[in-house]
K.L.:
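Supplied in structure tokens, the structure appears directly below.
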2 protein chains.
Amino acid sequence: MPTGTGRAPLEAGVAHDATPRHDPAGAPGTGSVARSARELGRPATIRDVAALAGVSHQTVHRFLQGYEGIRPATRERVVDALAALEYRPNLTARSLTTGQSLRLGALTHELDQFGPSKIIQGATQAARDAGYVLDIVSLDMGDPDEIAEALEMLTRHDLAGVLALASNDHMAQAFDAADFRVPTFLAGEEDDFASEHPSQLTRVGFPALIAHLADLGHRRLLHIAGPAAWSAARNRARAFQAAVAAHGLESVGVVHGDWSARSGYRAMSELPARPGFTAVVAGNDQMALGALLALQERGLRIPDDVSVTGVDDIPDAAYFSPPLTTLGVDFVAQGRRAVEHLLARIADQQPADDDTLPSQLVVRRSTGPAPMVGSGKPASAVR
Amino acid sequence: MPTGTGRAPLEAGVAHDATPRHDPAGAPGTGSVARSARELGRPATIRDVAALAGVSHQTVHRFLQGYEGIRPATRERVVDALAALEYRPNLTARSLTTGQSLRLGALTHELDQFGPSKIIQGATQAARDAGYVLDIVSLDMGDPDEIAEALEMLTRHDLAGVLALASNDHMAQAFDAADFRVPTFLAGEEDDFASEHPSQLTRVGFPALIAHLADLGHRRLLHIAGPAAWSAARNRARAFQAAVAAHGLESVGVVHGDWSARSGYRAMSELPARPGFTAVVAGNDQMALGALLALQERGLRIPDDVSVTGVDDIPDAAYFSPPLTTLGVDFVAQGRRAVEHLLARIADQQPADDDTLPSQLVVRRSTGPAPMVGSGKPASAVR
DNA sequence: CGGAGGCTTGTTACCGGTCACATTCACGGT
DNA sequence: ACCGTGAATGTGACCGGTAACAAGCCTCCG
């Protein structure tokens, strides 16, 4: 009863109301102000809170905004009323007036792949930390209509910004063509060789990987690349070639897969009987897995006869047979960073020009000394 | 994060900001009606369209609702105006009045796991087909505060419903405790042994798998289960035991992993030197992968000495060394079905009582005849 | 020829939170 | 005592789409 019973400037208005959309079924004393969440048959609004606290809705609003200039007595009544009615702000209403929303759209595809799903994971985390949620639309690439439709859908839901993750060229094109009327950010590996800030994967990772192979005596390498339409695949292929050249080694070719183990297997199966390489550098771990199996089925021992490496360091890679030497990539951080960039753009700030993400060489048992050519004894040293 | 954003508390004092919310900057003949999207400095509303078409906003609204009773002449003007202004409905405004939104919340975790990410993929597809988007919040389980915070966030964004995917008990508890004020659906494998409709995985898959092993002469089996807190893990463990009993075989034990290859590896490493089983049935493919490696490192040949199976049939499983015998699970369909259930619940309809999803035995090279006991060939190959 | 009744179309209010501006109140200075 | 000033609070309008109801117009029939 701290609410002075008599004072109710709003009661007049309440009487008028006559047709409340939501019938206050639960309210016993008709016309009275709801005292608890249960008396209200619906979520409480700031006006409900205001009525209970005996203040204007604007005062409640101010409190919610963190405004300091409210007298302690008033403030206390507001606080109590908010609690009693279990008030929760309605973000829809808020974004209608402010034109701002706490949602980010995220376009993605191949969500079952390790990279994209990790990126999404990082992105949702970063979004949540900033108070946003991610509206995810995952596309099956291929059907242009479907892409257009999905984009169209995103434009309706008013979003603070849109993120495209895991970029391949089709996605990028569709994304560019779409008319979002909000900030956008195209995440995923950029085109390192067109950028001033090549990723660490290119600058550090691949050189380290190739150096590792060179140290082991490998001279002739084969690369299994991802699909040419993916910038990540192109980056990796070019990074491979650059590093090979830098070490004075020889690339005996680049074959393309589709990131899957199946495609890695195929790539190896289709090779001539007498491969001219001693090491295979796959563009990701899955293709490396497929390559591993194909090579083994041909009677080659890993790493005694051929060394194999991957990229990504997926959790399973440590348990392949043999465990895979690979390059670690921090996808979660990638997703996180993408969201941060987007948020910065939304706030019209310059994004922190963070360093590119670390890429670490993880040496396991799938790489070993190159077999000695001509000599009777192929390397038998284990590990 | 407290209520308000960091924004300056009410710039009331800053005086007449003189900024009309939307400055009709582009309109040349002031007061005239915008004739094109460009003349309007902002997205067109139905009132803009109405003004251009020379009708009331309600007429435009009716057209958009698909109302038939509009005179052809009127209709045509509306159509033209809509096109000229590139009108796009504002879903925020719509959901404010209708109280309905075209968004579904999705709680998930371990998004990098194959199952959950596939489920999400299916869910986003189904959601999109129905015109919804999925707001995804992925949790790191473990920190209860974080869970609560994430749930809280979901309750603010008004959603048509909330889905919890990939259920383990912590998630389920938090979910139950949360006060969403909308329909919810807890997806993922249900507790088959508490349900009238056990999944096909339980009813068909595991029996087929065990039958397969029995046919090969295996008598003593070991199960590597997922974490006990996951209903899927419990289901699979019980399905395993039930099927083993049904075939008169013997379970030599159930050890628990955490779904990861690492845990499968560990489980096998910790076994006594002379395992009392001839086949290992892992609760998922990743644990099977780890088991494969651990067994091989002990000098056991797969499948000659020990057979190994998984569950899920992840794409990589076909390229393990050796390729894995496993049970296929249709996660995409699971996600899809979850969304359909939720949507049915939202529409207050009975969901189609669809069949449980098929589960198929995929036989590959990781299973083979049980080694003959006492006969000439014990497993002593020490590499 | 007038009015009932059906089609079309227009008017007004409302959702819940925010904004611009108005009003009230307390208090100090002259 | 009076006014100015700033602090605290209140009022009304607005965002864009929707709902309920009203009004205008036309047709048909007695």
Side-chain angles (χ1 to χ4, degrees), chain A residues 7-10 12-13 16-22 40 42-51 53-65 67-75 77-78 85 87-102 156 158, chain B residues 3-5 7-22 40 42-51 53-65 67-75 77-78 85 87-102 156 158:
Chain A
R7 80 150 79 206
L10 294 197
H16 265 272
D17 218 26
T19 39
R21 282 212 206 164
H22 307 285
L40 229 49
R42 55 182 167 81
T45 72
I46 53 171
R47 286 173 171 85
D48 297 322
V49 174
V55 298
S56 78
H57 65 101
Q58 187 60 226
T59 299
V60 176
H61 173 60
R62 289 193 184 103
F63 172 80
L64 293 172
Q65 297 290 305
Y67 179 63
E68 295 293 335
I70 300 179
R71 261 185 312 199
T74 310
R75 168 178 298 262
R77 292 212 309 278
V78 172
L85 296 178
Y87 172 80
R88 293 188 201 162
N90 177 328
L91 289 189
T92 301
R94 177 176 304 174
S95 62
L96 178 57
T97 38
T98 60
Q100 299 186 338
S101 75
L102 291 176
R156 291 155 124 83
D158 71 359
Chain B
T3 342
T5 46
R7 97 154 70 200
L10 219 357
E11 329 199 341
V14 181
H16 333 125
D17 220 297
T19 35
R21 284 213 208 157
H22 302 289
L40 228 50
R42 53 181 170 81
T45 72
I46 54 171
R47 285 173 170 86
D48 297 322
V49 174
V55 300
S56 78
H57 65 101
Q58 189 60 226
T59 298
V60 177
H61 172 60
R62 290 195 183 101
F63 172 79
L64 293 172
Q65 297 289 309
Y67 178 64
E68 295 293 335
I70 300 179
R71 260 187 310 200
T74 311
R75 169 177 296 261
R77 292 211 309 279
V78 172
L85 296 179
Y87 172 80
R88 294 189 202 162
N90 178 330
L91 289 189
T92 301
R94 176 176 306 174
S95 62
L96 178 58
T97 38
T98 59
Q100 300 186 338
S101 76
L102 291 175
R156 291 154 124 83
D158 70 359

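Quick note: numbers below take in every heavy atom, side chains included, and nothing from hydrogens, waters or symmetry partners. Every value quoted in this text rests on a predicted model; they were computed, and no experiment measured them. Chain identifiers are assigned alphabetically (A, B, ...) following the order of the sequence lines, protein sequences preceding nucleic acid strands; residue numbering begins at 1 within each chain.
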K.L.:
When we call it a touch if two heavy atoms are under 4.0 Å apart, what does A/Thr74 touch: a base, just sugar-phosphate, or nothing?
P.N.:
sugar-phosphate
K.L.:
A/Ile46 CD1 to C/dT18 C1': how many Å, rounded?
P.N.:
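One finds 8 Å between C1' of C/dT18 and CD1 of A/Ile46, rounded.
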K.L.:
Is any side-chain heavy atom of B/Tyr87 less than 4.5 Å from a side-chain heavy atom of B/Val60?
P.N.:
no
K.L.:
Just to verify, what does B/Arg62 make a side-chain contact (heavy atoms from CB on, under 4.5 Å) with, not counting sequence neighbours?
P.N.:
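B/Arg62 satisfies side-chain contact (heavy atoms from CB on, under 4.5 Å) with B/Gln58, B/Thr59, B/Tyr67, B/Ile70 only.
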K.L.:
Which is it for A/Arg71 and A/Thr74 under the side chain to side chain contact (heavy atoms under 4.5 Å, CB included) test, yes or no, and what are the steps along the way?
P.N.:
CA-CA 5 Å; A/Arg71 261 185 312 199; A/Thr74 310; 3.9 Å; yes
K.L.:
Output all residues satisfying salt bridge (charged side-chain N to carboxylate O under 4.0 Å, His left out) with A/Arg88, sequence neighbours left out; order by chain, then residue number.
P.N.:
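Checked A/Arg88 against salt bridge (charged side-chain N to carboxylate O under 4.0 Å, His left out); matches are B/Asp179.
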K.L.:
Please state whether the base of C/dG16 and the side chain of A/Arg94 form at least one donor-acceptor pair under 3.5 Å?
P.N.:
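For A/Arg94, whose side chain was compared with the base of C/dG16, there is no donor-acceptor pair (under 3.5 Å).
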K.L.:
From the list D/dT11, D/dG16, C/dG16, which nucleotide is the closest neighbour of the side chain of A/Ala93?
P.N.:
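Nearest to the side-chain atoms of A/Ala93, counting from C-beta on, is C/dG16.
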K.L.:
Considering the terminal five base pairs at each end of the helix from C/dC1-D/dG30 to C/dT30-D/dA1, what angle separates the two local helix axes, rounded to 10°?
P.N.:
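The value is 70°.
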K.L.:
Could you tell me which non-hydrogen atom of A/Gly54 sits nearest to which non-hydrogen atom of A/Arg77, and how far apart they are?
P.N.:
O-NH2, 3.7 Å
K.L.:
Checking only heavy atoms, does the side chain of B/His61 share a donor-acceptor pair with the base of D/dG16 at less than 3.5 Å?
P.N.:
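It does not, because no donor-acceptor pair links the side chain of B/His61 to the base of D/dG16 below 3.5 Å.
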K.L.:
With sequence neighbours left out, write down each residue that passes side chain to side chain donor-acceptor pair (under 3.5 Å) with B/Ser95, or none if nothing qualifies.
P.N.:
none
K.L.:
D/dT9, D/dG17, C/dG16: which one has an atom nearest the side-chain heavy atoms of B/Thr97?
P.N.:
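Nearest nucleotide to the side chain: D/dG17.
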K.L.:
So which one's nearest nucleotide on DNA chain D is more toward 5', B/Gln65 or A/Arg75?
P.N.:
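On the 5' side of the pair lies A/Arg75.
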K.L.:
Would you mind reading off the distance between A/Leu91 atom CG and C/dC15 atom P, rounded to a whole angstrom?
P.N.:
19 Å
K.L.:
May I have the distance from A/Gln100 (atom CD) to C/dG17 (atom C1'), rounded to whole angstrom?
P.N.:
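Those two atoms, CD and C1', are 13 Å apart.
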K.L.:
With respect to the side chain of B/Thr59, which nucleotide from C/dT11, C/dC15, C/dT9 is positioned closest?
P.N.:
C/dT9
K.L.:
For A/Ile70, answer base if it contacts any base atom (sugar-phosphate contacts may also be present), sugar-phosphate if it contacts only those atoms, and nothing otherwise; contact means non-hydrogen atoms under 4.0 Å.
P.N.:
sugar-phosphate
K.L.:
Is there a donor and acceptor pair closer than 3.5 Å between the side chain of B/His57 and the base of C/dT12?
P.N.:
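Donor-acceptor pair under 3.5 Å: yes.
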K.L.:
Looking at A/Ser56, I'd like to know whether one of its side-chain N or O atoms comes within less than 4.0 Å of OP1 or OP2 on D/dG10.
P.N.:
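Checking D/dG10 against A/Ser56, a side-chain N or O does come within under 4.0 Å of OP1 or OP2.
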K.L.:
Identify, with sequence neighbours excluded, every residue that meets side-chain contact (heavy atoms from CB on, under 4.5 Å) alongside B/Ala51.
P.N.:
B/Val33
K.L.:
Among C/dG17, C/dG10, D/dT18, find the nucleotide with the atom closest to the side chain of A/Asn90.
P.N.:
C/dG17
K.L.:
In whole angstroms, how far is the P atom of D/dG17 from the OH atom of B/Tyr67?
P.N.:
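Those two atoms, OH and P, are 20 Å apart.
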K.L.:
Provide, to the nearest angstrom, the distance between the CZ atom belonging to B/Phe63 and the C1' atom belonging to C/dG10.
P.N.:
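Taking atom C1' of C/dG10 as the reference, CZ of B/Phe63 is at 19 Å.
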K.L.:
Without decimals, in angstroms, what is the distance between A/Leu64 CG and D/dT9 C1'?
P.N.:
15 Å
K.L.:
Could you state the CD-C1' distance from B/Gln58 to C/dG10, rounded to the nearest angstrom?
P.N.:
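Taking atom C1' of C/dG10 as the reference, CD of B/Gln58 is at 8 Å.
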K.L.:
Looking only at heavy atoms, what is the nearest atom pair of A/His61 and A/Ile46, with distance?
P.N.:
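In this case the closest contact between A/His61 and A/Ile46 is CB-CD1, 4.5 Å.
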K.L.:
Considering only heavy atoms and no angle criterion, is a donor-acceptor pair shorter than 3.5 Å present between the side chain of B/Arg62 and the base of C/dG10?
P.N.:
yes
K.L.:
Please tell me which of A/Arg88 and B/Gly69 maps to the more 5' nucleotide of DNA chain C, matching each residue to the nucleotide holding its nearest heavy atom.
P.N.:
B/Gly69
K.L.:
Which residues pass the side-chain contact (heavy atoms from CB on, under 4.5 Å) test with B/Thr45, not counting sequence neighbours?
P.N.:
B/Arg42, B/Arg47, B/Asp48
K.L.:
Can you name the residues that form a side-chain contact (heavy atoms from CB on, under 4.5 Å) with A/Leu102, not counting sequence neighbours?
P.N.:
A/Leu91, A/Tyr132, B/His157
K.L.:
To the nearest angstrom, how far is A/Arg47 atom CZ from C/dC19 atom C1'?
P.N.:
12 Å
K.L.:
With the criterion being N/O to N/O and under 3.5 Å, what pairs connect the protein with nucleotides 25-28 of chain C, and how long is each?
P.N.:
none

